[in-house]
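One structure is given below, encoded as structure tokens.
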Amino acid sequence: MAASGISATEAFFPVADYDLAATLDGGQAFRWTRRAGGWEGVVASRWLRLEERPGGLRAETASPTPDWSWLRDYLRLDDDLPAILATFPDDPPLRAAVAACRGLRLLRQEPWEGLASFMLSATKQIVQIRQCVALLCERFGELVAVPPGRPPAHAFPAPARLAAATEAELRACKLGFRAPRLLAAAQAVAAGRLDLDALRGRPCAEARAELMRLAGVGRKIADCVLLFAYGFQAAFPVDVWVLKALRELYFPKRRPKPARLRRFSETHFGPHAGYAQQYLFHYIRQRAGRGPERERNRR
DNA sequence: GTCCAGGCAGACG
DNA sequence: CGTCTGCATGGA
């Protein structure tokens, strides 16, 4: 299904129920900025602007783009959202979460960007993760073409570039104790000791085990990469927010531990558990006044 | 000032 | 096994 392009730098993608704010600014990606009613970011080393339009999404690039498949892939436009939602268990918490987050989608990010970004996420707030990622991109990422009059934009830095940096330079991006871990990961990928592309075809559990061999990558960060980059929809990252959501919404009396809740999630939420996870994550943060809606309204 | 953030790894029992 | 703690940094 080809997008109907107005010109080579614009395209329109027909799609129902695609909430850009919830999807781009909801804690699965860290490079999107709201600007003039749309969202601007960098995907696959291309500057990109996205806008919600009636019946779909409008996309704009800085350079002529003959093939938009990379963007369809990133936005997961081929996911049949109603069919996915129909596989969810019909329980009150999930019904409420789906109702409150209509149009929330998963993205398919590049593995290295996803891995590096989530390695920075340990005990950091989402706004701080964005700051760190922005600093890394400004200081180490290649410049990408932008339309006239726009501020400069950078690609996410390649593993080899970060591998050549010093720990001090990374710490200067406010990474703190995460700096040596990211440096080691970049060196492992750059040297070919960890082949991120090869993980695409592996079973989920094997890919997870490979990622977790990295210092600084435990179960939660590995699951984020599996879900948000590799597209393993059974991956179910349990962070402090999902922990809170599962406890409050499903086990209000008891206080199950993370491992117990992970086992619950493996059987309860079905084949698209990762989608359910993102709805619960977004829903509980929204209820706590921490969602992207509030951050936007506070300006 | 205190608590905590899309955790992880090592120490200790 | 399980629980506790340090780790950098800065929002809330």
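We name chains A, B, ... by the order of the sequence lines, and we start the count at 1 in each one.
For Arg254(A), the side-chain contact (heavy atoms from CB on, under 4.5 Å) partners are Phe251(A), Pro256(A), not counting sequence neighbours. For Arg219(A), the salt bridge (charged side-chain N to carboxylate O under 4.0 Å, His left out) partners at least two apart in sequence or on another chain are Asp223(A), Glu266(A). In this structure Lys257(A) satisfies the salt bridge (charged side-chain N to carboxylate O under 4.0 Å, His left out) test with no other residue, sequence neighbours excluded. With sequence neighbours left out, Arg263(A) forms a salt bridge (charged side-chain N to carboxylate O under 4.0 Å, His left out) with no residue at all. Applying the ring pair (Phe, Tyr, Trp, His ring centres under 6.0 Å) rule to Phe118(A) yields the partners Phe30(A), Phe228(A); only residues at least two apart in sequence or on another chain are considered.
A straight line from CG of Leu135(A) to P of dA8(C) spans 18 Å, rounded to a whole angstrom. Summarising the geometry, the separation between CG on Leu120(A) and C1' on dA8(C) is reported as 12 Å, rounded to the nearest angstrom. We find that CD of Gln128(A) is positioned 12 Å from C1' of dG6(B), with the value rounded to whole Å. The distance between atom CD of Gln278(A) and atom C1' of dG6(B), rounded to the nearest whole Å, is 9 Å. Atom CZ of Arg130(A) is separated from atom P of dA5(B) by 17 Å (rounded to the nearest Å). To the nearest angstrom, P of dA8(C) lies 18 Å from CD of Gln125(A). Atom P of nucleotide dG6(B) and atom CD1 of Ile126(A) are separated by 5 Å, given to the nearest angstrom. Following rounding to the nearest Å, Ile284(A) (CD1) and dG6(B) (P) show an atom-to-atom distance of 14 Å.
When the P atom is compared between dG7(B) and dA12(C), the two are found 16 Å apart, to the nearest whole Å. Between dA8(C) and dA11(B), the distance separating the two P atoms is 16 Å to the nearest Å. dG10(C) and dA9(B) have their C1' atoms separated by 23 Å, given to the nearest Å. Taking the C1' atoms as reference points, dG6(B) lies 22 Å from dT3(C), given to the whole Å.
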(request) Summarise protein proximity over nucleotides 7-13 of chain B in one line of letters, 5' to 3': B for base, S for sugar-phosphate only, - for none, counting protein heavy atoms closer than 4.0 Å. (result) BSS----
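Heavy-atom distances under 4.0 Å link DNA chain B to no residue of residues 94-113 of chain A. Shown for residues 249-274 of chain A: no residue has heavy atoms falling under 4.0 angstrom of DNA chain B.
Two rings, from Phe269(A) and Phe88(A), have their centers 6.0 Å or more apart.
Within the structure, every pair that satisfies the side-chain hydrogen bond (donor to acceptor under 3.5 Å, both in side chains) test and touches residues 132-151 of chain A, not counting sequence neighbours, is listed here: Glu40(A)-Arg150(A). Evaluation of the side-chain hydrogen bond (donor to acceptor under 3.5 Å, both in side chains) test over residues 233-243 of chain A, restricted to residues two or more places apart or in two chains, returns Gln233(A)-His272(A). Applying the side-chain hydrogen bond (donor to acceptor under 3.5 Å, both in side chains) definition to pairs two or more places apart or across chains, none involves residues 179-195 of chain A. Within the structure, side-chain hydrogen bond (donor to acceptor under 3.5 Å, both in side chains) contacts touching residues 91-109 of chain A (residues at least two apart or in different chains) are Asp17(A)-Arg102(A), Asp73(A)-Arg108(A), Asp90(A)-Arg95(A), Asp91(A)-Tyr250(A), Asp91(A)-His268(A).
Within the 4.0 angstrom heavy-atom criterion, no nucleotide atom of any strand lies near Phe30(A).
Relative to the ring axis of Trp70(A), Arg46(A) places its NZ or CZ within 45° and under 6.0 Å from the centre.
Applying the 4.0 Å criterion to OP1 and OP2 of dA8(C), one finds that Lys174(A) has every side-chain N and O outside that range. For dA8(C), the OP1/OP2 oxygens have no side-chain nitrogen or oxygen of Arg178(A) closer than 4.0 Å.
Side chain of Arg171(A), nearest nucleotide from dA5(B), dA8(C), dG6(B): dA8(C).
With hydrogens and angles ignored, no donor-acceptor pair under 3.5 angstrom links the side chain of Gln131(A) to the base of dG11(C).
A distance of 10.0 Å separates OH in Tyr230(A) from CZ in Arg202(A), rounded to the nearest 0.5 Å.
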